[in-house]
**Q** 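Let me give you the structure first, and then I'll get to my questions.
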Amino acid sequence: MRNKNGIKKTLFIFVMCLTHSFCFAQTKNSIPLKNQCVIDTVLKYGQKISPTYQKAVCTELVIKIIEKFYVLDKTDKSRIRIITNQDIPTLLNNNSSITKGVYYALTTKGIGIPIDNLQEVLAGDFVQFWTDTQSWGHCGIVKSIDYETNTMLLYSSFPTTNGYGVQNFNIPQYCWFVRLK
């Protein structure tokens, strides 16, 4: 007889397989299948998760999408939310892992592949960035990258989209990309 945790884990895996069966078909645009699953998931659930920015800010959208694939604990969520009383510009200047949000959470947990070369970023990768003025940060899921203009389109929850939407951003100096394993 399985214990409750074993049954819950088995049930979780079964539900995830059913929920995401639509994304295991061969992708036509040469991105990893998991990335296509992430895109399919944000397209399916993004509006439900973040119907307004007040209901779910960027970190909450990212957490809810990742939770469709992996269990996140309190520490993982705090890392994504960048919960700290420390000065963000000082942390950024000291290359602190705290400021790397989703990148830090996923790579530390062992479920994320760091993408340190901008030329290797693909649709479906996650990103955490801070503006060049270091006055605010944001996270989301890459829809596309334009290397010529140094911009990225993100699926995210943002004030100007009043929740879930697609928004264009410049790629700043403080920017980290990570791919789900």
Side-chain angles (χ1 to χ4, degrees), residues 8-50 56-83 97-130 137-147 151-158 163-167 169 171-172 174-181:
K8 285 181 182 177
K9 186 174 182 179
T10 301
L11 182 59
F12 176 79
I13 292 169
F14 176 73
V15 169
M16 290 298 98
C17 288
L18 287 178
T19 303
H20 299 290
S21 62
F22 61 89
C23 64
F24 291 107
Q26 185 62 38
T27 178
K28 297 176 186 176
N29 42 4
S30 71
I31 64 170
L33 289 175
K34 182 69 72 95
N35 282 40
Q36 186 61 55
C37 290
V38 169
I39 293 167
D40 293 345
T41 302
V42 76
L43 289 172
K44 183 175 182 179
Y45 297 106
Q47 187 63 43
K48 293 174 190 167
I49 294 168
S50 185
V57 297
C58 61
T59 54
E60 301 313 305
L61 175 68
V62 164
I63 287 168
K64 294 294 184 190
I65 296 300
I66 294 168
E67 286 183 322
K68 301 289 185 189
F69 300 92
Y70 293 101
V71 175
L72 297 176
D73 62 26
K74 184 178 176 180
T75 301
D76 303 325
K77 292 175 186 179
S78 289
R79 287 176 174 157
I80 293 169
R81 292 177 181 131
I82 310 177
I83 305 296
S97 55
I98 294 169
T99 60
K100 297 177 183 179
V102 66
Y103 175 98
Y104 176 48
L106 298 183
T107 57
T108 301
K109 190 174 183 75
I111 60 172
I113 302 164
I115 309 299
D116 298 324
N117 179 345
L118 185 61
Q119 300 298 318
E120 295 176 9
V121 174
L122 298 171
D125 289 339
F126 291 84
V127 62
Q128 170 64 52
F129 69 90
W130 294 89
H138 190 57
C139 64
I141 300 162
V142 175
K143 180 177 182 182
S144 64
I145 296 270
D146 186 329
Y147 303 108
T151 59
M152 57 187 162
L153 277 175
L154 300 183
Y155 301 103
S156 66
S157 181
F158 198 69
Y164 171 74
V166 176
Q167 183 77 21
F169 296 95
I171 301 171
Y174 298 105
C175 193
W176 301 275
F177 298 92
V178 62
R179 182 173 300 148
L180 282 182
K181 283 187 177 181

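Numbers here simply count residues along the sequence, with the first being 1.
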**Q** Checking Lys109 against Tyr70: charged group under 6.0 Å from the ring centre and within 45 degrees of the axis?
**A**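 No, cation not above the ring by the 6.0 Å, 45° rule.
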
**Q** Is a donor on one side and an acceptor on the other found under 3.5 Å between the side chain of Ser157 and the backbone of Ala56?
**A** yes

**Q** Decide salt bridge (Lys or Arg N to Asp or Glu O under 4.0 Å) for Glu67 and Lys77; before the verdict, give the C-alpha distance in whole Å, the side-chain angles of both, and the deciding distance to 0.1 Å.
**A** CA-CA 10 Å; Glu67 286 183 322; Lys77 292 175 186 179; 3.0 Å; yes

**Q** To the closest 0.5 Å, what do you measure between NZ (Lys44) and CD1 (Ile49)?
**A**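 So the NZ of Lys44 and the CD1 of Ile49 are separated by 11.5 Å.
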
**Q** So how far is it from Gln36 CD to Leu43 CG, rounded to the nearest 0.5 Å?
**A**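 Output value for this atom pair is 8.5 Å.
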
**Q** Is there a side-chain contact between Ile63 and Arg81 in this structure, where contact means two heavy atoms from C-beta onward sitting under 4.5 Å apart?
**A** yes

**Q** Closer than 3.5 angstrom, by distance alone: can the side chain of Asn35 be matched with the main-chain N or O of Ala123 as a donor-acceptor pair?
**A** yes

**Q** State, with a plain yes or no, whether a side-chain heavy atom of Phe126 is found less than 4.5 Å away from one of Val38.
**A** yes

**Q** Is it true that, when you exclude Lys143 itself, more than 12 heavy atoms of the residues, nucleotides or ligands shown sit nearer than 6.0 Å to its NZ?
**A** no

**Q** Which distance, rounded to the nearest 0.5 Å, do you find between the SG of Cys37 and the CG of Leu180?
**A**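 The distance works out to 9.5 Å.
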
**Q** Hey, is the main chain of Lys181 close enough, under 3.5 Å, to the side chain of Lys34 for a donor-acceptor pair?
**A** yes

**Q** Could you tell me whether the side chain of Gln167 reaches within less than 4.5 Å of the side chain of Leu154, counting heavy atoms only?
**A**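 No, their side chains stay 4.5 Å or more apart.
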
**Q** According to the salt bridge (charged side-chain N to carboxylate O under 4.0 Å, His left out) rule, which pairs have a member within residues 111-122, sequence neighbours left out?
**A** none

**Q** Looking at side-chain heavy atoms only, is the closest gap between Ile65 and Tyr155 below 4.5 Å?
**A** no

**Q** A side-chain contact here means heavy atoms from C-beta on lying under 4.5 Å apart; do Gln128 and Phe177 qualify?
**A** no

**Q** Taking the side chain as every heavy atom from C-beta outward, state whether Met152 and Asp146 have any pair of such atoms under 4.5 Å apart.
**A**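 Result no, sub-4.5 Å side-chain heavy-atom pair not found.
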
**Q** Locate the shortest heavy-atom distance separating Thr99 from Ile82; write the atom from each residue and the value.
**A**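 Of all heavy-atom pairs spanning Thr99 and Ile82, the closest is O-CD1, 3.7 Å.
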
**Q** Give, for atom CG of Leu61 and atom OG of Ser50, the distance between the pair rounded to the nearest 0.5 Å.
**A**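 Leu61 atom CG to Ser50 atom OG measures 6.0 Å (nearest 0.5 Å).
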
**Q** Under the 3.5 angstrom rule, does the side chain of Asp76 hit a backbone N or O of Asp73 as a donor-acceptor pair?
**A**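 Yes, Asp76 side chain to Asp73 backbone: donor-acceptor pair under 3.5 Å.
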
**Q** Quick one: OG1 on Thr59 to NE2 on His138, what's the gap to the nearest 0.5 Å?
**A**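 Thr59 OG1 to His138 NE2: 10.0 Å, rounded to 0.5 Å.
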
**Q** Hey, what do you get for CG (Leu118) to CD1 (Ile145), rounding to the nearest 0.5 Å?
**A**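 Between atom CG of Leu118 and atom CD1 of Ile145 there are 5.5 Å.
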
**Q** Less than 6.0 angstrom separating the ring centers of Phe169 and Phe158, yes or no?
**A** yes

**Q** If I compare all heavy atoms of Pro114 with all of Tyr103, which pair ends up nearest, and what's the gap?
**A**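 Taking every non-hydrogen atom into account, CB-OH, 3.3 Å.
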
**Q** Does the side chain of Val42 come within less than 4.5 Å of Tyr164's, by heavy atoms?
**A**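 When only atoms from C-beta onward are counted, Val42 and Tyr164 do touch, with a gap below 4.5 Å.
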
**Q** To check you understand the geometry: which heavy-atom pair defines the closest contact between Trp176 and Lys100, and what is its length?
**A** NE1-CE, 3.3 Å

**Q** For Ile80 versus Ile66, what's the shortest heavy-atom pair and its separation?
**A**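 Closest heavy-atom pair between Ile80 and Ile66: CD1-CD1, 4.1 Å.
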
**Q** Looking at Phe129 and Pro172, what are the two nearest heavy atoms and their distance?
**A**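 Heavy atoms only, the tightest pair is CD1-CG, 3.7 Å.
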
**Q** Mind checking what makes side-chain hydrogen bond (donor to acceptor under 3.5 Å, both in side chains) contact with Ser78, not counting sequence neighbours?
**A** none

**Q** Can you name the closest pair of heavy atoms from Cys139 and Ser156 and give their distance?
**A** O-CB, 3.6 Å

**Q** Should Val178 and Ile113 count as side-chain neighbours, where that means a heavy-atom distance under 4.5 Å?
**A**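 Side chain of Val178 against side chain of Ile113, heavy atoms only: no contact under 4.5 Å found.
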
